Amino acid sequence: MRRRRNNYRRRRKWRKGRVCGLIAILAVIIIAAFVFVRAGNTKYESVNKGLGQYVVKANEGLLDENTGKQFKKNLYVPRKLDKSKKLIAFTFDDGPRKGNTERILAALDKYNFRATFFMLGQNAKLYPDTVKKVYKSGNEVSGHSWNHPQLTKLTKAQIKDQYDRMNQAIYAACKSKAASFRPPYGAVNENVKQVVDKPLILWSVDTLDWKTLNTNATVNAILKNAKDGDIILMHDIHAPTVAAVEKVLPKLKKEGFEVCTVSELLEAKGVKVKKGDKVFSATDIIHDTHK
């Protein structure tokens, strides 16, 4: 009888220890899950909240390469940029142009580069699938007005119509408004500053690709003039420009350049810009003093 009671006590003690062990394991799992969920829901803020709203502080070590894949549904995939490299932003105006834009996307992807596409609303409406490809490929969808008028010659109401119609066309294609804005011809006045709710992205290197329509001339313009922090102006509506991009990217890679979006460039450099600022490069910005 005594032996039976001792066996019973040992079994009871074993069950109790087992239950405690299971509770401890469950507690660890719950805590780990809570930490994981909290980490997954961490809100990353970019340097410029109004410019490239999906940019995160990728350069602060908050994202690794694999984590970036989870952001495919965003405007573009945030990347860790090597700040020791020469960072330049490639920008393309007046598109998208079916076929041309896709070739540029393929060339950029080959070298894990990104660019900003300043689209006309009328072309975004004409080629919504191409807009969506830019969006899904991890590049930056931005705006360039509805049909390329010189905005400084328009009334505020007309500027607003250009801006709103552009955003509506882009949103219809990829469910996001333009991340940033470049005024046609780089023309800016107070009316433009007041209507457009973002910084005004201009350029520091004009390849004149629209004028020469020559692949080698465009390649040489980039290689001769590009330096760290520059914003390069091109047009994806021209076939020679597409060929120039395909030709120049491996050369830039070899020379230690990293080609990125405008938002990524400003983020990596820690440059803050606001509505009305004129951005020529990461080191050349005219801040709007109007209050």
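Bear in mind that the values here come from a model prediction, so they are computed numbers and not experimental data.
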Between [atom1] of [X] and [atom2] of [Y], what distance do you get to the nearest 0.5 Å?
X      : Y      : atom1 : atom2 : result
Asn189 : Gln150 : CG    : CD    : 9.0 Å
Leu223 : Glu255 : CG    : CD    : 5.5 Å
Asp236 : Thr101 : CG    : OG1   : 4.0 Å
Asn139 : Phe90  : CG    : CZ    : 12.0 Å
Leu249 : Leu108 : CG    : CG    : 5.5 Å
Asn191 : Lys193 : CG    : NZ    : 11.0 Å

* **Test log, rule side chain to side chain contact (heavy atoms under 4.5 Å, CB included), inputs Asp228 and Leu87** => CA-CA 5 Å; Asp228 185 41; Leu87 305 180; 3.9 Å; yes
* Pairs in or reaching into residues 199-210: which pass side chain to side chain donor-acceptor pair (under 3.5 Å), with residues at least two apart or in two chains? -> Ser204-Asp230, Thr207-Asp209, Asp209-His235, Asp209-Thr241
Check whether any side-chain heavy atom of [X] sits under 4.5 Å from a side-chain heavy atom of [Y], and report yes or no.
X      : Y      : answer
His238 : Asn100 : no
Leu151 : Tyr185 : no
Val141 : Ser176 : no
Lys275 : Val273 : no
Thr215 : Pro240 : yes
Ile222 : Val205 : no
Ser142 : Val262 : no
His144 : Phe181 : no

* Classify the side-chain pair Asn216/Lys247 by whether it contains a donor and acceptor separated by less than 3.5 Å. => yes
* Asked: Do Ser281 and Thr283 meet the criterion of a side-chain donor-acceptor pair at a distance under 3.5 Å?
  -> yes
* Mind checking what makes salt bridge (Lys or Arg N to Asp or Glu O under 4.0 Å) contact with Lys160, not counting sequence neighbours? -> Asp164
* Axial cation check for Phe257 ring with Lys86, 6.0 Å and 45° limits -> yes
In a table with atom names and distances, give each donor-acceptor pair under 3.5 Å that connects a side chain of residues 119-131 to protein atoms at least two apart or in another chain.
unit_1 : atom_1 : unit_2 : atom_2 : d
Asn123 : ND2    : Asp94  : O      : 2.7
Thr130 : OG1    : Glu102 : OE2    : 2.9

* Ignoring hydrogens and angles, tell me if any N or O in the side chain of Thr261 forms a donor-acceptor pair with the backbone of Ala115 under 3.5 Å. => no
* Asked: Do you know which of Val271, Asp284, Ile231, Leu202 makes side chain to side chain contact (heavy atoms under 4.5 Å, CB included) with Val279?
  -> Ile231
* Any chance you could lay out the side chain to side chain contact (heavy atoms under 4.5 Å, CB included) test for Val245 and Phe92, step after step, and finish with the verdict? => CA-CA 11 Å; Val245 171; Phe92 299 93; 3.7 Å; yes
* Would you say Tyr171 has more than 12 foreign heavy atoms packed within less than 6.0 Å of its OH? -> no
